Amino acid sequence: MTTSPTGPHAGSDQGRGDAVQPVNILIVDDEPKNLAVLEVVLDDPGYRLVRASSGDEALLALMADEFALLILDVRMPGMSGFEVAHMVKERRKTARIPIIFLTAYYNEDQHILEGYGTGAVDYLHKPVNPAVLRSKVSMFAELHRQGRALEQANRLLLGEVAERRRAEQRLSELNESLDRRVTERTRDLEASEARLLEASRRKDEFLATLAHELRNPLAPVRNAVELLKRQQPDPAKVQWAADLIDRQVRSFSHLIDDLMDVSRINQGRIELRREIVALNDVLSDAIETVRPMVQECQQDLAVLLPDHTLVVDGDRTRLAQVFTNLLNNASKYTDSGGRIELAVTLERDGVVVTIRDNGIGIPPDRLESVFEMFSQVETAISRSRGGLGIGLSLTQRLVQMHGGIVRAYSDGVGQGSKFQVVLPLARAGDGTRPAEPEAGTEAEEPTGALRLLVVDDNLDAAETLAELLGTMGYEVRQAGDGEAALKVAEKFAPHVVLLDIGLPGMNGYDVCRRMRQQRGGKKRTMVAITGWGQPEDLKRSKEAGFDRHLVKPMDFDALVEILKTVPEPAARRNNAG
Ligand code: ADP
């Protein structure tokens, strides 16, 4: 098989020049001179002729290249032209190649038409008429070119369609994301505009309230001054005027203090003067401040304080301000003759101070916002109860500075309100308890507080329990085993012993028995703290001399209840205030 290079060209196709891509034509004949004739006849720049001198060569060439036309001699030694044609038509890749058979005998015509009647098949008699051959070849070549051009156009079109789809997809994604961003941005803007409007509305209302609040005390002061200016005023009247001015000046100062505090807090300039303070003292300060107002309104103020001292690490003045604000509001927003309650409880999170009133209550949707600056449930115009709307905001900030939280509760308008402040208890050892005695010192000086001894080999458990009890005002010692417990008990003479049973060395039962033998041991309240809670365990601890039996993990409230039942020592400090 050989190919004939395309050389200089003559004839009608010459004008098409380089622009025409040559098409491949396979010419198959066993006679070299026939092939040479075909090459001469089909010499054209539009054709690239590939020669094959047998059926095998022809098939090889067909596998290697793409052809526009196959010109096939019918009679060849070995594989005949028909056989080659059969194989060409059977293979999918070559099935569509048109074939021109070259026949020497007229009786082959019928055969050609029958066998290859369908598809692009033609035949010519040898010797071929050059003009007819050129015309047929040119037609097939043109068909092939058009087919190729069509395929290319099709490919381009498909590519373009896919590209356009991708572009449309990208565009629609971009649009969607733009839409989303516009919606979000609009929502943000609307929200921030609403916030600004609300802040501006509150500020306007605050200014109106402030003007009102500042003018309020002025009228009575002015009247009192007029009275004093009179010639020889009645001494009783002078006293009355002095009291009135004093009261109004106080109210003025309070207002201005609050305003100053707000600005200081906003600039982060308030600093707490922390110390370990007894909560009862703080509450007493607050109660004393509001008592005149409560009395004036003929309200009933019930105070429920714990009978042991709870201590917090805080600024006494600021904490008093917190509770004064809350009590003040309770009185202000409760009608004459109403009731206000203040109660202190010890809970897991810390100490909880609850101030409850049976006053005007708070609508549920305002329970959160009452803590916002300038937020008042009643509008400035309809308000009859004075105030700038900054008290609760200050209260919340001060409580937060103490590591606590404040919450408002109400069942709704007319249902009264409840405010709760939760403060962390001060840690024991923060200056509340005297230092541990050194070993070998003589019996300790009693302080008057109930003395508790905690015995546990788990140091963390002993330590935390001792600290908690210390914050409640008890005198607490601790020991890690039976021997140490007996030694401490000898000097410390505890009123109550909280004794773990599973101790190393001497177990809790034996320690209990021996403690009962000590001086004053019979009167001691012995509490077993153990992981065993079956009836026989209780029986066993009772036999060993325990008064009470608590199962681990210990219910702290149950322990508090037990401690309440222990008779107070004669000289016990009364810290309840
Ligand atoms: P104000 O100076 O208005 O009392 P506060 O910040 O102390 O400002 O309180 C904010 C608002 O919360 C009050 O205006 C009132 O509407 C509501 N509020 C506060 N305490 C109570 C209460 N105990 N009962 C009913 N409403 C209360």
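Because the structure is a prediction, the values reported are computed rather than measured. Values reported hereafter were calculated over all heavy atoms of this structure, with side chains retained and with hydrogens, waters and symmetry mates removed. When a ligand or atom number is given, it counts from 1 through the structure's own listing order.
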Is D547 salt-bridged to R516, going by a charged N under 4.0 Å from an acidic O? yes

Result of checking I340, T289, V322 against L327 for side-chain contact (heavy atoms from CB on, under 4.5 Å): I340

I'd like to know if E561 and K564 make a salt bridge, using a cut-off of under 4.0 Å between side-chain N and carboxylate O. yes

Check: V370 N/O within less than 3.5 Å of ligand 1 N/O: no

Minimum heavy-atom separation for Q376 to L388, with atom names? NE2-C, 3.4 Å

Please work out which of A330, S410, S375, G416 has its closest non-hydrogen atom nearest to atom 11 (C) of ligand 1. S375

Should you measure from each heavy atom of I390, which atoms of ligand 1 turn up under 4.0 Å away? 6 (O), 8 (O)

Has ligand 1 got any nitrogen or oxygen that is less than 3.5 angstrom from a nitrogen or oxygen of I360? no

Any side-chain heavy-atom pair from Q478 and L453 closer than 4.5 angstrom? no

Restricting to side chain to side chain donor-acceptor pair (under 3.5 Å), what partner residues turn up for R339, sequence neighbours left out? D300, E341

For D357, the ligand 1 atoms whose distance to one of its heavy atoms is below 4.0 Å: 22 (C), 23 (N)

So, regarding Q376 and ligand 1 (criterion: nitrogen or oxygen to nitrogen or oxygen, under 3.5 Å), is there a contact or not? yes

Within 4.0 Å of some non-hydrogen atom of G389, the atoms of ligand 1 are 1 (P), 2 (O), 3 (O), 6 (O), 8 (O)

Just wondering, are more than 12 heavy atoms of other shown residues or ligands nearer than 6.0 Å to CD in E347? yes

Which atoms from ligand 1 have a heavy atom of V377 less than 4.0 Å away? 14 (O), 16 (O)

Decide, yes or no, whether a salt bridge links E543 with K539 under the criterion of side-chain N to carboxylate O below 4.0 Å. yes

I'd like to check which ligand 1 atoms, numbered from 1 as shown, lie under 4.0 Å from a non-hydrogen atom of K332. 1 (P), 2 (O), 4 (O)

Does ligand 1 have any atom sitting under 4.0 Å from a heavy atom of F419? yes

Below 4.0 Å, non-hydrogen atoms only: which portion of L388 touches ligand 1? Side chain, backbone, both or neither. backbone

